[in-house]
Amino acid sequence: MNNGKVFQMDFGNVYRLLLAKAARKNRTKAQVDEVICWLTGYSPQQLEAFCSTAASYGDFFRNAPHPNPNRALIKGVVCGVRVEEIEDPLMREIRYLDKLIDELTRGKPLEAILRGQAEAALWVCPKCGRTFKHREQQHYCGKPPATIEAYIHAQPEEAQDSLQQVNAAIKASIPEATEHISWGMPTYRKGRNLIQFAAAKKHIGLYPGPEAVEAFSGRLAEYKTSKGTIQLPYNRLLPLKLIGEIAKWCEENS
């Protein structure tokens, strides 16, 4: 099953499948709920409310109020792929939950499943108090940026011009899409997420989804890609026309 189909699955149905999987191994609904709430920051009441809506699995994770910083400690293989190596940020969140439920059904104690501070020496930002896997990890102190422009201006100066160019190419191609910040990344939406991008240390990550990457694979041969992800190095001329075409494809086909 491709990423897009996973994101569109009905959350209530997936939740019931998770409960059934746990029940077969004599694990309880309360334990499943505790795992999900630990990972996402939803309260048990919010989780219950989500189950009665028609929300998608992807939207459940996109709207998670407080993703647990210690989820970066979740490692291992799910569906033949190492969780920590999944580049698509939304799919990585989904596989985090798959991994936790797998551990629960194998009988691992809850205190071990819910990774605690003692499992790793996480760095605590002295300004905002948030915890991170890597020391001096780049992040937003306080509230995350509310707009794409604010996101770009918060990035290292040497990356800002490239980010502005990518943003302008996308905006010009899909002018009716609305701008958002989702999972901390610039996002264009039109009833659904169409395309996202984000700054990395040596490249800009463009996230149009796996179908778009496959559709443009012939023209992306010189770029590093993975499921749903395109890496655009800072030290190369940006393919702005191609970026615009990919964004337009996402609007018409996603």
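- When atom types are taken as modelled, the side chain of Thr178 and the backbone of Arg189 share a donor-acceptor pair closer than 3.5 angstrom.
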Show the atom names and distances, to 0.1 Å, of all donor-acceptor pairs under 3.5 Å that link a side chain in residues 6-20 to residues at least two apart or in another chain.
{"from": "Asp10", "atom 1": "OD2", "to": "Gly12", "atom 2": "N", "distance (Å)": "3.0"}
{"from": "Asp10", "atom 1": "OD2", "to": "Asn13", "atom 2": "N", "distance (Å)": "2.9"}
{"from": "Asn13", "atom 1": "OD1", "to": "Arg16", "atom 2": "NH2", "distance (Å)": "2.6"}
{"from": "Tyr15", "atom 1": "OH", "to": "Lys29", "atom 2": "NZ", "distance (Å)": "3.4"}
{"from": "Tyr15", "atom 1": "OH", "to": "Asp33", "atom 2": "OD1", "distance (Å)": "2.5"}
{"from": "Tyr15", "atom 1": "OH", "to": "Asp33", "atom 2": "OD2", "distance (Å)": "3.4"}

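- Two residues are said to be in side-chain contact when any heavy atoms from C-beta on lie closer than 4.5 Å; Glu251 and Tyr188 fail this criterion.
- Asn70 has its side chain within reach of Trp38: a pair of non-hydrogen atoms, C-beta onward, lies under 4.5 Å apart.
- Of the inter-residue distances, the one linking Arg82 atom CZ with Arg92 atom CZ reads 14.0 Å to the nearest 0.5 angstrom.
- Of all non-hydrogen atoms in Ala169 and Ile243, the two that sit nearest each other are CB-CG2, 4.2 Å.
- Within the 4.5 Å cutoff, the side chain of Glu34 has heavy atoms near those of the Leu114 side chain.
- Inspection of the Asp161 and Tyr234 side chains reveals no N or O donor paired with an N or O acceptor under 3.5 Å.
- The same ILVMFWY cluster, assembled from side-chain heavy atoms under 4.5 Å apart, contains both Val81 and Val83.
- Under a 3.5 Å cut-off, the side chain of Tyr151 and the backbone N or O of Ala199 do form a donor-acceptor pair.
- A heavy-atom distance below 4.5 Å is not found between the side chains of Arg71 and Leu100.
- Taking OG1 of Thr40 as the start and CG of Leu97 as the end, the distance is 8.5 Å to the nearest 0.5 Å.
- Every residue two or more places apart in sequence or in another chain that forms a side chain to side chain contact (heavy atoms under 4.5 Å, CB included) with Ala55 is listed here: Phe50, Thr53.
- When the side chain to side chain contact (heavy atoms under 4.5 Å, CB included) test is applied to Pro175, no partner is found at least two apart in sequence or on another chain.
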Please report the C-alpha distance between Gln31 and Leu104 in whole Å, then the side-chain angles of each, then the deciding distance to 0.1 Å, and finally whether the side-chain contact (heavy atoms from CB on, under 4.5 Å) criterion is met. CA-CA 8 Å; Gln31 290 172 323; Leu104 184 68; 4.2 Å; yes
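- Looking only at side-chain heavy atoms (C-beta outward), Ile170 and Leu194 stay at 4.5 Å or farther from each other.
- Applying the side chain to side chain donor-acceptor pair (under 3.5 Å) test to residues at least two apart or on different chains, the pairs with a partner in residues 214-223 are Arg219-Glu245, Glu222-Arg236.
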Please evaluate residues Phe216 and Thr225 with respect to the criterion side-chain contact (heavy atoms from CB on, under 4.5 Å), reporting the C-alpha separation (whole Å), side-chain torsions for both, the decisive distance (0.1 Å), and the verdict. CA-CA 11 Å; Phe216 287 87; Thr225 63; over 6 Å; no
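- In terms of heavy-atom proximity, Leu163 sits nearest to Ala198 at CD2-C, 4.5 Å.
- Residues Lys171 and Glu179 meet the side-chain proximity criterion, which asks for heavy atoms closer than 4.5 Å.
- For Ile74 against Lys99, the heavy-atom pair with the smallest separation is CG2-CG, 3.7 Å.
- Rounded to the nearest 0.5 angstrom, Glu93 CD and Asp88 CG are separated by 10.0 Å.
- Residues satisfying the side chain to side chain contact (heavy atoms under 4.5 Å, CB included) criterion with Ser56, sequence neighbours excluded, are Asp59, Arg62.
- By the 4.5 Å heavy-atom criterion applied to side chains, Asn63 and Tyr42 are counted as neighbours.
- Between Leu90 and Gly58 the shortest heavy-atom distance is CD1-O, 3.8 Å.
- Taking the side chain to side chain contact (heavy atoms under 4.5 Å, CB included) definition, one finds that Asp102 meets it with Lys21, Val78, Arg106, sequence neighbours left out.
- Here the closest heavy-atom approach between residue Tyr96 and residue Leu39 is recorded as CB-CD1, 4.0 Å.
- One finds the OG atom of Ser162 at 12.5 Å from the NE2 atom of His203 (value rounded to the nearest 0.5 Å).
- In the displayed structure, Lys224 atom NZ is contacted under 6.0 Å by at most 12 heavy atoms of other residues, nucleotides or ligands.
- Taking OH of Tyr57 as the reference point, atom CE of Met91 lies at 9.0 Å (rounded to 0.5 Å).
- Between the side chain of Glu84 and the main chain of Gly76, a donor-acceptor pair closer than 3.5 Å is present.
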Give the C-alpha distance, both sets of side-chain angles, the deciding distance and a yes or no for side-chain contact (heavy atoms from CB on, under 4.5 Å) between Ile152 and Gln164. CA-CA 7 Å; Ile152 292 173; Gln164 291 283 13; 3.8 Å; yes
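- With rounding to the nearest 0.5 angstrom, the OG atom of Ser173 is 13.0 Å from the CH2 atom of Trp249.
- In terms of heavy-atom proximity, Ala247 sits nearest to Ile174 at O-CG2, 3.6 Å.
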